[in-house]
Every structure is written in structure tokens, then in C-alpha cells.
Protein chains: 2
Amino acid sequence: MTIHHQPDKAAPSKDLIDAVRAFNRFYTRQIGLLDEGLLKSAFSLTEARVLYELAHRDGLTATDLGRDLGLDAGYVSRLLKKFERLHLISRVTLVSDARQSSIALTPAGRNAFAPLNKDSHDQVAALLDRLPASEQDRLVNSMRTVQRLLDDSGEPKIPYLLRPLQVGDIGWITRRQGMLYAQDYGWDETYEALVAEILANFVKSFDPKWERGWIAEREGEVVGSVFVVRKSDQVAKLRLLYVEPSARGLGIGKRLVDECIGFAHARGYKTLTLWTNDILTAARHIYQAAGFKLIEEEPHHSFGKDLVGQNWDLEL
Amino acid sequence: MTIHHQPDKAAPSKDLIDAVRAFNRFYTRQIGLLDEGLLKSAFSLTEARVLYELAHRDGLTATDLGRDLGLDAGYVSRLLKKFERLHLISRVTLVSDARQSSIALTPAGRNAFAPLNKDSHDQVAALLDRLPASEQDRLVNSMRTVQRLLDDSGEPKIPYLLRPLQVGDIGWITRRQGMLYAQDYGWDETYEALVAEILANFVKSFDPKWERGWIAEREGEVVGSVFVVRKSDQVAKLRLLYVEPSARGLGIGKRLVDECIGFAHARGYKTLTLWTNDILTAARHIYQAAGFKLIEEEPHHSFGKDLVGQNWDLEL
DNA sequence: ACATTTACTTGACTAAGTCAAATATCAGGA
DNA sequence: TCCTGATATTTGACTTAGTCAAGTAAATGT
């Protein structure tokens, strides 16, 4: 199996752009509705946002607030002056820079913020409560996805992690491999069926001493996988290596293959073998770099295409 | 296989609420950033929103605009007066109600809106362009999910539709069934493997004349499925009936079974048989209602549980 | 040391939005 | 038919929220 090229970068389609714009309009209204509830308080919406930031983060400066909330510096200055007059905040000039000061809510400030916070919390709770639990999860997952994709504040701390198989994985891997190869190479549904069959057999006859699977996960999502199965006492087979297009370039493919080799070695196998197709060049590079040698090639007709299958072996 | 009860409704957890609130704060800022770009124009943000609505929907009244955009009636009135003064809109008093009028953009109005629209379009295009194509899709899918879940403006026009199998389905069905039965009944990963195996065989030995699968789709998402496979000239077997918890109560389960029966009948089978487990009560009700008779029961140990398997037959 | 930049403040201003009262019309019932 | 209460829109009077530019003081780079 294989690793693909970086996906092509065409101009985003009009459909996608329109969908994003529709969402923006929708959410503008949604936020407006939620904010209405907060308008009964003594604070304006922006004041409430500032209080929220102050309540949840320490050591903020006026500049931080303006930048993070997208506010004019003069406006922030006045807001803070008002809060100070009401004894809701205290400012301590920074030793590192006498122009700035670290702003913190006073106990009175926390008291003033508490009802705002509760209102907002209750309002969101009411919103969620209209949905069944399973849909609440879907909503929050989708929100997290949107936020993560749009928020380019750096890469995740942990680029990815490897874990063993769990329920749901084999279906997911089947689906993603089926779709990827259909999209990139035009393979038909028999490839997806083959993946399903391989994984079904893997689970059915799983022997933890001799076999293993690795799932690469990134931000809670499966982004790659690989399996080692026993062919004989001497020979292990690497199967179903794949990495999501969105997670390529992180070295996940190489890492997965290395894990397989390490495992096969530790278990005393003499040979690690694998079958792939010649068109899957990115995967081939990984195999070659890991020391696999091409043993034989043979044309075959599978998955609706004429292909050239390859067997590669690594002597351990 | 089976259909489950409506999911329980507990108070939303604090984690979920906090995640939604975090998203709201994030998106408030996000919208603020996008809107900044539009502020260079001669129109305010709200004016631009009004123009957008007018450009995309016909026959709006002032009240419609105020309601849909969450604006004060007096403010809308003034905005419209300004637009009228600039000859951007025309108003035609409704024959049905002389107080209201239908508002439409004039050609000049469309001209004025065009650059705004283009700026907004380009800005979103630029936003999307930072992401690889696969992530653009994920972003938009997630946005659509959020929008659909929060927008309670009635049920979808088409509650669901049935379609044949396509690439990606068998993995998805495998995953969802595996996860549902693990969650609801504690079945282990061997059940997911069984689903994968059944579906792999279905595809591998698929005979369109004698066999068929149906996927129930709702708003672009798979919410159920069922398969009929050939056991002999005389006997067809119904397999893997399932309906997503979020789509229950729409009669999808019954509809899927009816399709199976109709197909089996049309193909000249004499018997439609199926295997299920006694704990799957919702499914049993559907089978009974469709005329299936319980033929035999036997205890078995599978999927990490002690279960009672049942064979049901329907004479056609 | 000097020029430039950054953090914040302040005065002067305007756009954006709110609120309440007024007017015209409609819908339904006595 | 007229009356009552509601709805759609308008208008005047007002407040709030936010902008812009100029200024001060401290920090940073050269």
C-alpha cells in the first residue's frame, strides 16, 4: 500500500466559498442571538468580553486585550479606566517595561463577572440541551474542527501519537483507504472490500505475540496506520500502510514502517515482506529507505485497473 | 442486527458547554477579522448584510430584514430610507398589506453590492486557500454540521433517501456498527471485524441480479443500511440492518426491511431469512411487524458476551 | 546619544444602534 | 359596520460604542 503526493492546490471551489460565507452569516446571527441575552447586564458586550479575558488569563496588558479581541487601543484604554474607577481591576506596572501594566480582576471584579459568566453558561447549556447527547458531541466535535482548521496559531504540541487498534478503527481505515485510492487512482470498491477483509482477518485471528497494528492519531483523528501479520515462524508481512494526505510530511509513514521493522525484529522474524503496487511511489521511497529490496513484480488486473504488483522483502 | 432506543437526555456536560463558549469567542473574533476587510467600503457592516440579503432573496419586507438579521425596526427603516435616497432599492407596496412593501435592489443597487460581494468572496477564498483541499472539505463539512445542528428551522425537506452502495460506505458502516454495539452492549472488536467480513464478502461476490444493498442518507450523511444476499435459489438473507441513533423514529428501519422484502419477492426467492440477537428488541419489532417468524434460538458466546442468537424467516 | 518604535492616554468626533411615541393598516369579533 | 388590539413602518431624541489623530513616556536599535 502507499503514501501519496501532497494534494494539489487548486483555487477553492465556489461551492466551498459560498458554504463558508453562508456559515459566517449564519454564525454572525447566532452570536447576535446569544449576545442579546447578555445585554441586560450593566456591561456592554465588549466590556463583557474584556472581563472574560481578564477572568481567564493572568498577566494581560492593555495591548494584549486590544490585539486578542480586535479592539482599538484608545477604546481599551477607556474601558480599563472605567473598570479601574469601579474598582473591578487593578494594574501593576511591569518591572520589565514601565509603559505597560499587568491587569488583574479584583475580587469585586470577579463578583461583577460571575453573573455574566453564569448567564452565558446557562444560555449555551440551554442551546445544547435542545439536542440529544449524540448530537451535542457531533456539534462540539465539528466546532473544534472548524476552530482548529482556522486557527493557525502554530502546530499542535504533539504532532502525532501511535496507539493500538480500538473499536471503530478498522471501519475508518477501510473507508479512508477505499476513498483515497478511488480518488487518486480510480480504484473501484473491490479495493475497499479487500481492506475490509484484511482487517477482518487481522482481528479474527489476532495473535498479540506475533502480530500488531499501529494507529497514528493527530488531534484525536486517525491519520495513518499499518499492520504486521504473521505468515510463518520466519516471515512477517507488513500490510495496509497509509497516511492521510493532510498529515503527510510529518514522517508518519517512515515512523510506522520503523515500528513494524522494530516489532518484527524483536519477535525474531527473519524476513519482513510486503506487497504493493508500482504506482505508489511515495510508499516505495519509504520502503527503499528502510532497506526493503524488490523481489518480484507481476502485472495484475485488480480494483478495476491494470496494475503492477510488487513484492518487497527486508532481511532482518 | 438492530435499532436502539432514543438516546438518554442528561444535562449537557461542562466540557461541552465550555467548548461551545470557546468556539463562540473564537468565531466572534474570526468574524470580526473578516468584517474588517469590508469596512473600507462606503457601507457599514450592517448595511452590507442588508444588501446581501436583498441581493439573494426576493420579495423581502422591512420586517423580514429586521427579523432575519436581528436588527431594530427603526434602524432598518432608516437604512432603507438611505438606500432609497441613493436609488439602490425600490419598494413596491404589497397588495396584500398596504403597510408593507416588497424591497428589491435596483440595477444601481446591484452595482453597489458587487464589489462588496467580491471582496467578501475573495477574502473567504484566501482563507480557504491556506488549507489543503482535503482540509477545505473538512472545514466546510464541519461548518455545515454546526449550522444544521443549531438551525432548528424545521426538518429537512427530504427526511432521508435510499441509494446504492458507493466507495467509503462499507468502511463507514463497519465503523458505526462496531462503535454502536460496543457502546450500547459492550461488544468487543470482533463484532466490528464480523461486519467488515460480511461487507467484504458482499462486495467480492456481489451478484446484482440476486443481491442488493441500500444506504439511507440524510443531509449527506449515512444514517442506516441493510443488505440482501443470496443463500440459495430459494433463500435470501437479510443482513446488517442498522439505523443511526440520531435518525431513529423516521421509519427508516421499517423502510429498509420493506425494500429487502420487495426485492426478495421480485427476484423470486421463496424465503427471506435473517439472524439477530434477542437483546436487539427494536429490530425484532420491525421484523415481527413485517411478518417474520422466529424459527429457532440458540445461546452463543460472541463479541465478548453471552448472547442468544435468533433465526427469523419470512415466507414470501 | 539620537532616531524610531511601542504602549498607552486623551480630546474630539461620528457612526451605529436604541427607545418610545406616532401613524397607518390589518384581522377578528360584537 | 365599527371597535379593539395587533402589526408594519416611520420619526424624533437619545446613548453607546467605537474611531482617529495627536501627544507623552518609555523602550529599542544604531
Side-chain angles (χ1 to χ4, degrees), chain A residues 28-29 31-33 35-54 59-86 89-104 116, chain B residues 28-29 31-33 35-54 59-86 89-104 116:
Chain A
T28 297
R29 179 86 184 95
I31 287 171
L33 287 175
D35 290 345
E36 266 172 34
L38 296 178
L39 283 176
K40 281 164 288 183
S41 83
F43 298 101
S44 78
L45 187 57
T46 306
E47 286 169 337
R49 291 174 71 202
V50 170
L51 287 176
Y52 187 94
E53 288 298 314
L54 291 173
L60 286 170
T61 65
T63 315
D64 293 335
L65 284 168
R67 176 177 23 78
D68 294 352
L69 299 179
L71 303 174
D72 176 82
Y75 187 34
V76 170
S77 175
R78 261 182 264 270
L79 288 179
L80 293 177
K81 195 156 69 169
K82 176 181 169 188
F83 287 159
E84 206 164 24
R85 184 162 40 75
L86 296 170
I89 60 167
S90 60
R91 291 196 251 199
V92 180
T93 305
L94 294 184
V95 285
S96 61
D97 185 339
R99 295 169 305 175
Q100 304 190 73
S101 46
S102 169
I103 304 161
L116 289 183
Chain B
T28 298
R29 180 85 184 96
I31 288 172
L33 287 174
D35 291 345
E36 265 172 34
L38 296 178
L39 283 176
K40 281 164 288 183
S41 83
F43 298 101
S44 79
L45 187 55
T46 306
E47 287 169 336
R49 290 173 71 203
V50 170
L51 287 176
Y52 186 95
E53 289 298 315
L54 291 172
L60 286 170
T61 65
T63 315
D64 293 335
L65 284 168
R67 177 178 22 77
D68 294 352
L69 298 178
L71 303 175
D72 176 82
Y75 187 34
V76 170
S77 174
R78 261 183 263 271
L79 288 180
L80 293 177
K81 194 156 72 170
K82 176 181 169 189
F83 287 160
E84 205 165 26
R85 184 162 40 75
L86 296 170
I89 61 168
S90 60
R91 290 197 252 198
V92 180
T93 304
L94 293 184
V95 284
S96 61
D97 185 339
R99 296 169 303 176
Q100 304 189 76
S101 46
S102 169
I103 304 160
L116 289 183

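Chain letters run A, B, ... following the sequence lines, proteins first, then strands; residues in each count from 1. Excluded from the calculations below are hydrogen atoms, water molecules and symmetry mates; all remaining heavy atoms, backbone and side chain alike, are included.
Between the CG atom of B:Leu65 and the P atom of C:dG17 there is a distance of 14 Å, rounded to whole Å. C:dT10 atom P lies 12 Å from atom CG of A:Leu80, rounded to whole Å. Atom C1' of nucleotide C:dA7 and atom CD1 of A:Ile103 are separated by 11 Å, given to the nearest angstrom. Atom CG of A:Leu79 is separated from atom C1' of D:dT19 by 13 Å (rounded to the nearest Å). Taking atom NZ on B:Lys82 and atom P on D:dT11, their separation rounds to 17 Å, with Å as the unit. One can place CZ of B:Phe43 at 14 Å from P of C:dA15, the figure rounded to the nearest angstrom. What separates NZ of A:Lys81 from P of C:dT9 is a distance of 8 Å, to the nearest Å. Separating the CG atom of B:Asp35 from the C1' atom of C:dA15 is a distance of 16 Å, rounded to the nearest angstrom.
To the nearest 0.5 angstrom, A:Glu53 atom CD is 6.0 Å from A:Asp68 atom CG. A distance of 6.5 Å separates CZ of B:Phe43 from NZ of B:Lys82, quoted to the nearest 0.5 Å. From B:Thr46, atom OG1 reaches atom CG of B:Asp72 across 11.5 Å, with rounding to the nearest 0.5 Å.
Of the two residues near DNA chain D, A:Val95 and A:Glu47, the one whose nearest nucleotide lies more 5' is A:Glu47. Residue order along DNA chain D, read from the 5' end via each residue's closest nucleotide, puts B:Glu84 first among A:Leu71 and B:Glu84.
A search for side-chain hydrogen bond (donor to acceptor under 3.5 Å, both in side chains) contacts involving B:Lys81 returns nothing, not counting sequence neighbours.
Counting non-hydrogen atoms under 4.0 angstrom, B:Ala98 reaches the backbone sugars and phosphates but no base. Among the heavy atoms of the strands lying under 4.0 Å from A:Ala73 is at least one base atom, whether or not backbone atoms are also near. Residue contacts for B:Arg91: at a heavy-atom cut-off of 4.0 Å it reaches the sugar-phosphate backbone alone, with no base atom in range.
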Below 3.5 Å is the cut-off: list the nitrogen or oxygen pairs between protein and nucleotides 28-30 of chain D, distance only.
none

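Counting only heavy atoms from C-beta on, B:Gln100 has its side chain closest to D:dA8 among D:dA8, C:dC19, D:dT11. Nearest nucleotide to the A:Asp72 side chain, out of D:dA13, C:dA16, D:dT19: D:dT19. Residue B:Tyr75 places its side chain closer to C:dT18 than to any other of D:dA17, C:dA7, C:dT18.
Proximity of a side-chain donor or acceptor of B:Asp35 to a complementary backbone N or O of B:Gly32 within less than 3.5 Å is not detected.
At least one side-chain heavy atom of B:Leu65 sits under 4.5 Å from a side-chain heavy atom of B:Leu54.
In summary, of the residues considered (B:Leu79, B:Ile103, B:Ile89), a side chain to side chain contact (heavy atoms under 4.5 Å, CB included) with B:Val50 occurs for B:Leu79 alone.
The phosphate of D:dG18 (OP1 or OP2) has a side-chain N or O of A:Thr46 nearer than 4.0 angstrom.
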